[in-house]
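What's counted below: heavy atoms across the whole structure, side chains too, no hydrogens, waters or symmetry copies.
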Amino acid sequence: MRPDAVPDGVIDELRREAVQACVAGAAPLCRRILAAPADHFPQLDTRSGNYALVRGYLPADRGFRWAGFLAGRLWLLHDLGGDLLLREAALALARRIGQGLQGLRIDRGNVGFDVYHGLCLGYEITGRAELRELAFTGANALEDLRSESAGVYRQNGWMDAFVSETPACLLPLLWTRGHGGPGAAAGRLRAHVLRSLDGGMLRADGSVQHRLHFAADGRITEADTSQGHRPDSTWGRAQAWMLHSLAACLEAFPDARIQEAFERAVRWYLDRLPGDGVLYYDYDDSRHDEIPRDSCGTLIGAVALLRAARLGVMPEACTQAALHSERELLAHYLSPGGVVLHGSWGAGEGRTRWNSLFPRQDVMPYGNYWIAELLHRRLRPDSTAFDFAPAAATA
């Protein structure tokens with residue numbers, strides 16, 4: 001055992017301490033959210049993890065606020081500890097997201113993250129009918145991203161392309177199907193995933209090609225990665241996104257091809273998980289020991305492994321690998337205020353992107369959400385908050 005490794009008996013204590021740190025760190029921000037005007041949204045500063053309250057749901061450029069991931073984090077932390085301040089701030093954010101969607105033509109897939117984590121999950125935690133209605137409205141709006149002729153969903157309106165996390169952005173389509181809505185949209189998402197597999201998004205060895213470009217008739221015209229080391233490299237978070245996307249589909253409906261693809265992707269992930277359990281930023285970048293790992297992708301992957309185990313995919317190996325990653329992240333990647341450190345936006349084919357600290361490190365909206373989901377799944381294993389198909393809908 002390495003000197004700073006976490007003994008078996010300490011993990012429960014680390015989980016409880018992590019919840020306390022996340023709740024304490026969120027409280028000041030919750031007060032600022034509740035004090036801000038109703039048309040103001042928290043904008044994440046990925047260099048520090050702080051938020052500024054700014055007007056308007058979507059930025060004027062192609063950026064994003066990440067309000068839904070914050071709302072989802074607050075919903076889950078409230079459910080774990082009962083803190084009413086977190087609940088009220090999450091509800092305020094959910095209502096603002098719902099209002100922001102009104103009359104908006106959706107031009108970026110990230111809006112689906114807001115709908116699912118802010119509205120769908122909010123309904124699961126609270127049972128508030130208003131959140132269910134807002135979630136259904138948001139799910140319907142995501143159809144703006146669909147190319148009818150190609151039979152797929154765009155990740156963004158300004159590019160005929162989709163990525164391994166596109167199905168993750170479209171989870172509201174699965175959620176509404178399991179909550180009394182029509183199944184046609186879920187069927188379209190299923191067709192999208194199968195088209196992505198036909199197009200080579202999952203390679204024969206189980207690794208992921210992050211982005212596929214398509215023509216109007218659905219033919220794949222180009223493959224690359226928007227945030228990896230090379231156009232054909234395996235960006236670590238792309239692999240985790242694929243596990244998340246495929247797991248959600250299998251939780252919503254059975255499909256033999258998606259099942260086989262999921263098992264192949266899981267096997268690749270397990271075989272190449274680094275010794276400390278934290279993903280490399282890109283598996284084809286030889287600078288593994290010189291550049292940051294990606295705590296954010298690791299959290300997405302760890303939760304996906306827990307879901308794989310529940311789906312009967314290599315349950316022992318997946319359970320142990322998820323625990324291995326969790327121990328490392330809780331012990332060495334979480335700040336006293338509950339912020340997940342040492343994430344990475346990545347580099348676009350070897351080039352620094354956006355307002356990134358790469359090859360240093362960023363605070364990622366995904367990681368800060370998925371630490372809360374990981375803790376919730378661990379501490380509330382019988383919760384149905386993440387179910388896509390309630391028993392009544394699948395009977």
* Are the side chain of T166 and the backbone of V163 linked by a donor-acceptor contact shorter than 3.5 Å? -> yes
* Are L104 and I97 co-members of a hydrophobic cluster defined by side-chain heavy atoms under 4.5 Å apart? -> yes
* Asked: Checking R377 against F386: charged group under 6.0 Å from the ring centre and within 45 degrees of the axis?
  -> yes
* Does H244 reach the main-chain N or O of P167 with its side chain, forming a donor-acceptor pair under 3.5 Å? -> no
* Asked: Just by modelled atom types, is the G118 backbone N or O under 3.5 Å from a matching donor or acceptor in the W75 side chain?
  -> yes
* **D160 side chain vs H213 backbone, donor-acceptor pair below 3.5 Å** => no
* Structure fact -> Checking H192, R195, E143, R146 against Y153 for side chain to side chain donor-acceptor pair (under 3.5 Å), the one that qualifies is E143
* Asked: Members other than M159 in its cluster, when Ile, Leu, Val, Met, Phe, Trp, Tyr link by side-chain heavy atoms under 4.5 Å?
  -> W158
* Asked: Using a distance-only test with no angle check, is there a side-chain donor-acceptor pair under 3.5 angstrom linking T234 and R203?
  -> yes
* To do: Dump the intermediate steps for side-chain contact (heavy atoms from CB on, under 4.5 Å) on L131 and L91, then the final yes or no.
  => CA-CA 9 Å; L131 296 182; L91 181 59; 4.1 Å; yes
* side chain to side chain donor-acceptor pair (under 3.5 Å) with E165: which of R237, Q155, H210, R211? -> H210
* Asked: Does the ring centre of H117 sit less than 6.0 Å away from the ring centre of W66?
  -> no
* Asked: Would you call E326-R15 a salt bridge at under 4.0 Å N-O?
  -> yes
* Asked: Mind checking whether Y57 and F41 have parallel, tilted or perpendicular rings, split at 30° and 60°?
  -> tilted
* To do: Could you tell me whether R73 sits above the aromatic face of F69, with NZ or CZ closer than 6.0 angstrom to the six-membered ring centre and within 45 degrees of the axis?
  => no
* Asked: Hey, are the side chains of P365 and L70 touching, using non-hydrogen atoms and a 4.5 Å cut-off?
  -> no
* Within 45° cone and under 6.0 Å: R190 NZ/CZ vs F253 ring -> yes
* Does a side-chain heavy-atom distance below 4.5 Å link N110 with C169? -> yes
* Is it true that F162 and W241 have ring centroids separated by less than 6.0 Å? -> no
